[in-house]
Amino acid sequence: LLIKVTADRIDPFEAMQALGVQGSGAVVTFTGIVRDTEEDRGIRALYYEHYPGVTEKIIEGIVREALKKYGASDGMVIHRIGTVEAGEASVFIAVSAERRSNAFSACENIIDRIKEEATIWKKDIGEKERWHSERDG
Amino acid sequence: LVLKVRLFASFRELEGRDEIEVDLQGRGKITGRELKESVSAQHPKLAEGMKHALIAVNESIVQEDEYMNEEDTVALLPPVSGGNC
């Protein structure tokens, strides 16, 4: 189980080497990319800030629960913080399981819950600078 | 008695610093709800955000009826939902 919150660029192929695949028949990955538009406005980058120590703990809990719930073998999450340019990966998730349906379900559950629960905040950098929490709140 | 409260993201920018002090006005402990009321009164720039703010005590997110005192590590968090991808 690898959970990393980092300012470094994500290399999905290098990261996947750390995933446990013994006995697995499937690996499902999800890469979140910073889009270049948000509600018709141009986005140059997103700035990510998080609560160190707390974010990692929350994400680890989410991954452990998903592996158990969907019967998956191993999981990893790498999330970038700081400025992430449009077109770059902001989050990478990989899940291994004996069967593909378990891996797909676990992977989707993990990204859905990270977006709702992890203590990570995003600010649009571009035509207009705005924290997403200002709109959502 | 003074409680130090960490701020993140939009709260940090609104206040222009990453930590504020909240006067407990003689109380040894307060609930999360009372914390939000005190922050709104003592730090008006943050008042609008308190309605949807989350509270973390000792690095765990807690309900508003949870008690905290000046020994605790307390943080106020803007809502975290949303995303771009």
Side-chain angles (χ1 to χ4, degrees), chain A residues 10 30-39 41-59 61-62 79-81 84-93 111-126 129-137, chain B residues 3-22 32-33 35-41 43-64 66-69 71-85:
Chain A
I10 299 171
F30 171 80
T31 306
I33 311 271
V34 173
R35 262 201 328 272
D36 61 3
T37 53
E38 182 73 37
E39 294 172 353
R41 281 176 294 108
I43 300 280
R44 184 176 63 73
L46 285 182
Y47 175 77
Y48 290 86
E49 179 175 333
H50 82 125
Y51 190 168
V54 174
T55 308
E56 293 88 341
K57 206 161 63 177
I58 290 171
I59 293 176
I62 289 169
H79 205 301
R80 268 188 77 181
I81 52 151
V84 184
E85 304 288 330
E88 288 184 1
S90 56
V91 59
F92 175 74
I93 299 170
I111 184 60
D112 287 349
R113 287 191 64 193
I114 285 174
K115 282 176 166 290
E116 284 174 13
E117 298 172 38
T119 45
I120 299 171
W121 300 276
K122 295 163 279 272
K123 184 162 81 167
D124 295 343
I125 309 289
E129 293 207 356
R130 183 171 63 169
W131 287 99
H132 283 223
S133 53
E134 287 173 1
R135 182 194 56 218
D136 298 328
Chain B
L3 187 67
K4 287 182 177 161
V5 179
R6 284 184 75 176
L7 302 175
F8 289 93
S10 53
F11 291 168
R12 178 179 52 72
E13 287 191 349
L14 279 168
E15 196 61 30
R17 53 192 163 153
D18 58 13
E19 190 176 83
I20 54 170
E21 293 191 343
V22 177
R33 195 167 294 112
L35 171 71
K36 287 184 170 185
E37 289 164 7
S38 297
V39 168
S40 296
H43 302 277
K45 286 179 208 163
L46 297 173
E48 200 186 323
M50 285 304 99
K51 190 176 168 194
H52 296 288
L54 302 172
I55 300 161
V57 177
N58 300 326
E59 303 197 335
S60 290
I61 291 168
V62 301
Q63 299 297 314
E64 290 195 353
E66 196 92 2
Y67 279 95
M68 59 204 74
N69 63 49
E71 306 281 301
D72 292 319
T73 301
V74 177
L76 277 168
L77 316 174
V80 291
S81 67
N84 167 288
C85 61

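Keep in mind it's a predicted model, so treat the numbers as computed, not measured. Order of the sequence lines sets the chain letters (A, B, ...), proteins ahead of strands, with each chain counted from 1.
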Is there side-chain contact between [X] and [Y], with heavy atoms separated by less than 4.5 Å?
X: A:H132; Y: B:P78; answer: no
X: A:V54; Y: B:L77; answer: no
X: A:I58; Y: B:I61; answer: yes

| said: A quick test of your reading: do over 12 heavy atoms of other residues, nucleotides or ligands sit less than 6.0 Å from CD of B:E48? | reply: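 At most 12 heavy atoms, drawn from other residues, nucleotides or ligands, come within 6.0 Å of this atom.
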Mind telling me whether B:F8 and A:Y51 have parallel, tilted or perpendicular rings, with 30° and 60° as the class edges?
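Taking B:F8 first and then A:Y51, their aromatic rings sit tilted (interplane angle of 30° to 60°).
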Can you name the nearest heavy-atom pair linking [X] to [Y], along with the distance?
X: B:E13; Y: A:K123; result: OE2-NZ, 2.8 Å
X: A:K57; Y: B:S60; result: NZ-OG, 4.1 Å
X: B:V80; Y: A:E116; result: CG2-O, 3.2 Å
X: B:A9; Y: A:E49; result: N-OE2, 2.8 Å

Where does B:A56 contact chain A at under 4.5 Å (heavy atoms): side chain, backbone, both or neither?
->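 Side chain of B:A56 only, per the 4.5 Å heavy-atom cut-off to chain A.
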Just verifying a value: how many Å separate B:F11 CZ and A:W121 CH2, rounded to the nearest 0.5 Å?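 It comes to 9.0 Å.
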